[in-house]
Amino acid sequence: MRHIISILMENEAGALSRVAGLFSARGYNIESLTVAATEDASLSRMTLVTRGSDEIIEQITKQLNKLIDVVKLIDLTEGVHIERELLLIKVKAKGEERRNEVKRLTDIFRGHVIDVTDASYTVELTGTGEKLDAFISTLGKDILETVRSGASGIARGDKALHI
Amino acid sequence: MELSGAEIIVRFLEDEGVEHLFGYPGGAVLHIYDALYRQDKVQHILVRHEQAATHAADGYARSTGKPGVVLVTSGPGATNAVTGIATAYMDSIPMVVITGQVPTSLIGNDAFQEVDSVGITRPCVKHNFLVKDVADLAETLKKAFYIASTGRPGPVVVDVPKDVTAEKTKYVYPKTVDMRSYNPVVKGHSGQIKRAAKMLASAKRPVLYTGGGVILDAAAKSLTELAHLMNTPVTNTSMGLGGFPASDKQFLGMLGMHGTYEANMAISRCDLLVAIGARFDDRVTGNIAKFAPEAKIIHVDIDPASISKNVKVDIPIVGGVSNVLKEWIKQIKAEKLSADNDAAAKWWTQIDEWRSKDCLKYEQGPEVIKPQYVLDTMNRITKGDAFVTSDVGQHQMWAAQFCRFDKPRRWINSGGLGTMGFGLPAAMGVQFAHPKATVACVTGEGSIQMNIQELSTCMQYGLPIKVVCLNNGYLGMVRQWQEFFYEERYASSYMESVPDFVKLAEAYGHVGMRIENPADVEGALKAAFKMKERYVFLDFVTDKTENVYPMVPAGAGLDEMILI
């Protein structure tokens with residue numbers, strides 16, 4: 001099953017490689033990984049998407065907790081949560097008909113055109129992974145470049161991952 | 001007063017109570033060596049190879065419980081130390097390794113003797129640090145010792161660039177350390193312990209399966225008390241030997257691949273397995289699907305990640321073994337729990353029947369020396385009270401079977417990583433920690449050659465270690481597997497030009513003996529152990545084709561042993 005694990009870590013050099021190294025050494029897979037400092041500059045927040053049986057996920061969370069730099073973690077999938085990913089996509093947009101179509105699709109998906117040339121649009125879109133997949137497949141051909149941030153997640157309600 | 005980084009390191013070690021530092025100098029650590037030269041509190045021991053420094057520190061740690069401390073230079077100094085660091089990591093041994101590094105301005109430049117020590121050691125340390133500012137040095141060292149020696153212990157590497165050892169700052173010994181991200185659990189959950197105590201009291205065929213955690217957490221006394229209170233049979237892993245007295249009638253011997261028949265059968269038929277400070281390693285369990293198939297399982301371990309890693313556990317207890325066992329004993333007394341006497345009598349009758357197989361029997365004839373006989377005799381002569389270090393292979397398993405340890409911290413071997421070359425340097429560390437004690441290194445002609453250069457260190461420091469080399473001219477364990485599983489194709493397991501160890505020992509200034517006749521074994525051992533001041537290399541020419549029995553073949557269950 002797919003799990004989203006949120007991790008608060010000491011914002012130290014090498015912290016990211018400890019997590020990445022753990023996953024490769026123990027043969028776990030990482031679907032995506034995002035990391036940045038929090039409002040407290042001494043802490044980083046990492047969102048890690050992985051897949052595995054319940055036993056493997058249990059081991060993953062235990063092994064992550066064992067890393068000295070990990071302060072706290074939560075498996076967001078255990079409760080209701082919000083997941084968002086950012087997509088930047090550059091598509092060929094030539095001719096009025098195609099330009100209008102891309103703009104219309106972007107509006108339908110509540111995205112924004114953030115850069116325009118004679119021949120292309122660059123679109124920004126956030127949402128769940130499925131929504132981004134849907135947008136990409138709806139655009140069909142003519143994609144010049146896609147950049148996805150990987151998922152970020154947060155628990156719904158008052159529950160918060162902090163120290 | 002301001003001190004240089006190098007002086008801070010040395011002062012810190014002194015303030016931390018470190019008496020011995022195992023190391024080897026080089027460019028990046030010259031400032032530190034200079035600071036060592038100018039003091040007399042911390043004794044530096046010059047080894048002949050950095051791997052030996054880590055194994056020596058490891059042996060020191062295993063025999064005392066205090067962290068072993070190592071100092072090596074950058075680049076090859078650090079990479080040579082990696083095997084010893086990984087060895088300590090696999091067996092959860094507290095160790096602090098200070099590695100020199102090129103100056104911060106050169107890091108990443110492929111400078112002379114530069115490697116990414118933090119990157120290379122990351123997968124085999126409990127934690128590691130790169131110190132970029134001398135102001136952080138003392139605190140980082142304090143954290144390193146704290147992390148290495150608390151919770152589930154392990155090695156910690158502190159990488160110190162050369163310029164940091166030259167810069168000056170004010171030094172204050174940090175007495176305490178506070179880390180928001182590291183707070184190991186020590187106390188076990190009392191509700192879980194109560195459930196476990198009741199489950200043990202109601203079990204009909206229980207077994208205590210105990211490992212290195214009992215020794216690391218100084219819980220041998222509590223374990224013995226618990227076993228006696230509940231009349232429960234005890235088996236040890238190789239790492240756990242000495243955690244329960246081998247001479248106790250409740251002791252079943254070691255379990256696992258080369259465990260005793262009675263231990264492996266008891267595991268296979270028990271209705272309750274209590275794992276204490278052990279981690280269900282594959283060499284212990286054999287085929288995991290056939291491991292303790294009829295048993296409920298209680299698992300006590302300080303590392304939550306060890307619990308339910310390899311087997312599903314019915315009652316997990318996360319906590320320090322010592323703490324948990326004391327609480328357990330308290331519960332037994334408070335609740336007036338006791339073993340089911342009828343069931344226990346039946347269980348012991350069954351176990352005694354298994355015991356009567358005498359699975360470790362061997363016959364010493366008049367011509368060829370049996371390796372078992374050498375260790376059996378050594379054990380008798382040293383009254384089971386010697387510190388015994390071991391290398392890796394057949395001799396290691398025979399030592400585990402035939403040296404009967406009644407006390408913890410007497411048996412010192414590389415259980416997890418299985419590092420050949422461990423025995424001799426580990427024995428040096430033990431001898432430094434216990435200068436008056438009898439220290440024997442059980443080895444083979446293969447393993448000993450992996451760190452043979454340390455004969456020189458032993459000479460320099462006058463270490464009276466007794467090397468008991470079981471020389472069968474083969475890499476015996478490899479040969480045994482090739483005999484059993486590769487139709488006797490002995491690929492590269494025959495050692496065609498073994499040196500004359502007597503001459504070699506003498507060349508280093510030691511005493512060497514070669515023993516070829518069974519009638520001479522006892523006399524040679526007695527003579528060697530009487531030489532309290534001398535290093536003696538005993539080269540026993542043993543049966544070339546002797547195998548270690550019992551043996552559980554790979555993929556088989558523990559009750560599917562090959563017996564002799």
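Below, chains carry the letters A, B, ... as their sequence lines are ordered, and counting in each starts from 1.
A:Ile163 touches chain B through its side chain: at least one heavy atom from C-beta onward sits under 4.5 Å away, while N, CA, C and O do not. The contact between A:Glu58 and chain B is made entirely by side chain atoms (from C-beta outward), counting heavy-atom distances below 4.5 Å.
Heavy atoms of other residues, nucleotides or ligands lying less than 6.0 angstrom from CG of A:Asp118 number 12 at most. No more than 12 heavy-atom neighbours from other residues, nucleotides or ligands sit within 6.0 angstrom of NZ on A:Lys92. The environment of A:Leu33 atom CG is dense: over 12 non-hydrogen atoms of other residues, nucleotides or ligands sit within 6.0 angstrom. Open room surrounds NZ on B:Lys296; 12 or fewer heavy atoms of other groups in view lie less than 6.0 Å from it. Heavy atoms from other residues, nucleotides or ligands lying under 6.0 Å from CZ of B:Arg283 number 12 at most.
For the set A:Thr61, A:Leu67, A:Leu43, A:Ile56, the count of heavy-atom pairs under 4.5 angstrom toward chain B peaks at A:Leu43. The candidate with the highest count of non-hydrogen atom pairs below 4.5 Å against chain B, out of A:Ser24, A:Ala25, A:Ser17, is A:Ser17. Contact count against chain B (heavy-atom pairs under 4.5 Å) is highest for A:Arg18 among A:Arg18, A:Glu55, A:Glu12.
Distance alone, capped at 3.5 Å, places no donor-acceptor pair between the B:Ser181 side chain and the A:Val70 backbone.
Smallest separation of non-hydrogen atoms from B:Ala305 and A:Gln63: CB-NE2, 3.6 Å. Between A:Lys62 and B:Ser308, the shortest heavy-atom contact is NZ-CB, 4.4 Å.
Using a 4.5 Å heavy-atom cut-off against chain A, no residue of residues 94-110 of chain B qualifies as contacting. Taking 4.5 Å as the heavy-atom cut-off, the residues of residues 113-150 of chain B that approach chain A are B:Arg122, B:Lys126, B:His127, B:Asn128, B:Ile147, ordered by number.
A side-chain hydrogen bond (donor to acceptor under 3.5 Å, both in side chains) check over residues 38-49 of chain A, counting only residues at least two apart or in different chains, returns the pairs A:Ser6-A:Arg45, A:Asn11-A:Ser44, A:Asp40-A:Ser42, A:Ser42-B:Arg180.
With sequence neighbours left out, the ring pair (Phe, Tyr, Trp, His ring centres under 6.0 Å) criterion links A:Tyr121 to no other residue.
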